[in-house]
Amino acid sequence: MDFQRWQVGACTLTSVVENETAHIPPGLFFVGVKEEDVARHASWLVPDFADERGRVTLRVQAFVVESRGRRVLVDPCVGNFKNRPMPFWNQQNWPFLERFAAAGFAPERIDTVVHTHLHADHCGWDTRLRDGAWVPTFPGARHLYTQAELDWIRAESNSGIDGVYEDSIAPILEAGLGDVVPPDLDLGGGLRLEATPGHTPGHVSLWVESEGETALVSGDFLHHPVQCAELEWAETGDDDPDQARATRRRVLGRAADTRALFLGTHFATRPAGRVERRGEAFRFVPL
Ligand SMILES: [Zn+2]
Ligand SMILES: [Zn+2]
């Protein structure tokens with residue numbers, strides 16, 4: 001499936017998929033979690049989000065939000081031909097831009113790129129390789145960054161492990177296409193950022209409001225629907241697990257209470273749905 005599309009009031013939200021992987025041992029992503037821990041939730045996770053054994057499915061996708069003539073791209077995935085320490089992200093060659101075009105979008109006509117955070121799978125397509133150089137993919141777009149996130153990635157990349165800053169962020173800033181914005185930025189047109197820290201220090205999520213309807217694009221304050229029920233489960237990449245737990249509890253609560261259409265950035269198969277309260281925790285109910 002190349003893309004999926006939902007309507008929220010007068011706004012249109014589209015998922016463009018880079019890659020989806022099933023049968024992943026949950027311990028690879030969730031600290032100390034075993035297959036049987038996930039399998040306890042099989043009644044509502046299988047088949048969309050896990051298999052019967054409790055291995056999880058995860059997707060890498062970007063969302064495009066169209067609102068009042070604007071086209072805002074959220075979290076443009078891993079990208080092609082990037083050198084990455086993660087073997088499944090290293091030197092990939094996905095038909096992402098072909099799917100992007102099939103969904104009706106031209107890179108030149110994206111006017112804003114929102115990054116929930118700056119992990120490798122959320123800003124990769126900001127640049128593409130042309131004649132041996134990394135050049136902006138979305139040359140007409142303002143690329144938004146929070147100061148806390150830039151500070152964090154600069155410190156991370158100083159350790160020399162990743163290369164994301166060098167190949168996917170620095171070329172944008174050097175081209176004059178980057179803006180440092182507050183984590184509660186009102187973008188206009190019913191689009192608003194909210195600080196959702198913990199997974200990374202400058203992490204934000206995107207609220208969309210139109211004609212009395214609401215949607216939330218999560219980013220990585222949670223990675224999988226099972227975390228709606230298992231609020232304590234930390235993801236291996238969470239920078240501050242306790243802060244991430246507090247963020248999950250707070251933001252999932254508001255998503256439930258506002259009946260927002262919840263779009264999980266790494267949710268597979270059917271990534272849009274409602275968050276419902278179940279006692280002290282929650283359940284994700286896909287559309
Ligand atoms: Zn992340
Ligand atoms: Zn991610």
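This is a predicted model, so every value here is computed, not measured. All ligand and atom numbering here is 1-based and tracks the order in the structure.
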Any N/O/S atom, backbone or side chain, of H119 lying under 2.8 Å from the Zn ion (ligand 1)? yes
Is the shortest side-chain N to carboxylate O distance from E35 to R53 below 4.0 Å? yes
Considering only N, O or S atoms of D121, the one closest to the Zn ion (ligand 2): OD2
Report the distance from atom CD of E66 to atom OG1 of T14, rounding to the nearest 0.5 Å. 5.5 Å
Does K82 make a cation-pi contact with W134, if we ask for NZ or CZ under 6.0 Å from the ring centre and within 45° of the axis? yes
Any N/O/S atom of H122 sitting less than 2.8 Å from the Zn ion (ligand 1), backbone or side chain? no
H122-H115 aromatic ring centre distance below 6.0 Å: no
To 10°, measure the NE2(H117)-the Zn ion (ligand 1)-NE2(H199) angle for me. 100°
About how large, to 10 degrees, is the angle NE2 of H266, then the Zn ion (ligand 2), then OD2 of D220? 110°
Give a yes/no answer: is there an N/O/S atom of H203 under 2.8 Å from the Zn ion (ligand 1)? no
Strictly below 4.0 Å, N to O, side chains only: are E276 and R278 in salt-bridge contact? yes
